[in-house]
Amino acid sequence: MASPRILVLATGGTIAGMAGSATRHDYRPGQIGIEDYLARASELGLQAELSGRQIANIGSEDIGPPVWSVLHAQIAAALADDECDGIVVTHGTDTAEETAFLLDLTLPTQKPIVLVGAMRPADAVGYDGLRNFANAVRVAGDGRAAGRGVLVVMGDRVFAARDVRKVRTRGSDDAFRGFPRGSVALVTPSALEWFGAPWREQGGARYGYPEQLADVPVVYVHAALDPNLIRRVGTPETRGVVIAGVGEGNMPGPVRDQLADMARQGLIVVRASRVDEGLVDREPDDDAAGFVAARALNPQKARLLLQLLLAEGIADPAAIQAAFDDPYS
Ligand code: SIN
């Protein structure tokens with residue numbers, strides 16, 4: 001059987017990072033270029049034909065709309081290219097979940113699209129990047145990955161973009177988790193085990209790629225949060241706000257009153273949770289306040305979904321709630 005043809009789009013991150021010493025704890029992400037990286041990968045004996053393109057070479061804390069739009073365009077072109085069977089994006093782990101989710105909502109899923117990162121730089125003891133990369137190439141070359149949206153490979157686990165989240169700042173073991181679904185596949189030395197059937201059989205992009213993303217800040221709630229802070233967040237440009245609430249998206253009473261007031265004036269207020277696995281259900285109070293419940297999306301993903309909805313001209317809280325209830329319907 002012919003080897004799958006995989007396009008590797010490199011954006012930087014620790015997977016391409018260097019410390020200058022095998023044990024230094026600080027390092028610089030985005031130091032190795034794609035040509036060099038593919039030369040290193042060629043020694044792994046991967047069953048794939050790899051080609052590469054450098055999109056950026058930066059830490060993922062600096063990734064945002066300019067890189068996202070280039071990535072989106074390049075992947076869309078690769079999806080339409082008969083000479084490409086799958087796409088791997090190398091990416092910093094800090095914001096990989098955001099890039100993955102945005103691409104997931106705005107790209108068709110007829111070919112595998114896989115993000116991969118590393119927790120240790122390339123010259124560190126125990127560099128996890130090549131193992132993760134080899135696993136990502138396996139996933140991207142597997143036709144069974146199609147119809148599962150954008151995937152993120154970390155360690156031997158494969159996560160769906162909607163579920164994946166970084167849960168550790170350091171260490172290469174279990175730095176990522178999937179919530180609420182856990183991992184969707186496991187890479188073993190001899191097999192790639194998929195759990196369940198593809199869930200996006202329709203395959204089309206759920207949302208158009210936006211020309212602009214609206215101003216939607218995330219407010220982190222803590223005990224004794226001053227409602228005046230909320231007032232300051234609501235500038236004339238602010239279209240919506242995502243609340244990283246305590247517990248199940250809760251907030252102090254004065255903050256709630258302030259936000260309900262702003263919601264009455266047209267601001268979209270989405271209640272998410274600052275708790276890592278924080279499912280936020282809709283409550284009767286949300287009807288009175290005009291709020292939206294983020295369900296299983298964490299604040300940073302809730303922000304992206306809201307930005308996509310606003311870009312499509314969807315600004316009615318009930319319609320926005322329906323999209324949060326099922327972002328892919
Ligand atoms: C980054 O996100 O670019 C730095 C951290 C990492 O890749 O693990």
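Heavy-atom basis, side chains included; hydrogens, waters and symmetry copies ignored. Just follow the structure's listing: the first ligand is 1, and inside any ligand the first atom is 1.
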Filter the ligand 1-protein atom pairs down to N or O on both sides and distance under 3.5 Å, then list them.
unit_1, atom_1, unit_2, atom_2, d
ligand 1, 2 (O), S60, OG, 2.6
ligand 1, 2 (O), T93, N, 3.2
ligand 1, 2 (O), D94, N, 2.9
ligand 1, 3 (O), S60, N, 2.6
ligand 1, 7 (O), T14, N, 3.0
ligand 1, 7 (O), T14, OG1, 2.9
ligand 1, 7 (O), T93, N, 2.9
ligand 1, 8 (O), T14, OG1, 3.0
ligand 1, 8 (O), T93, OG1, 2.4
ligand 1, 8 (O), A118, O, 3.1

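Pairs passing the salt bridge (charged side-chain N to carboxylate O under 4.0 Å, His left out) check and including a residue from residues 49-58, sequence neighbours excluded, do not occur. Each side-chain hydrogen bond (donor to acceptor under 3.5 Å, both in side chains) pair with one or both residues in residues 272-281, not counting sequence neighbours, appears once here: R177-D276, R177-E277, D281-R295.
To the nearest 0.5 Å, atom OG of residue S51 and atom CG of residue L7 are 4.5 Å apart.
Using cut-offs of 30° and 60° for the angle between ring planes, the F176 and F159 rings count as tilted.
Taking the salt bridge (charged side-chain N to carboxylate O under 4.0 Å, His left out) definition, one finds that R282 meets it with D287, sequence neighbours left out.
One hydrophobic cluster, built from ILVMFWY side chains closer than 4.5 Å, cannot hold both L115 and W199; they sit in different ones.
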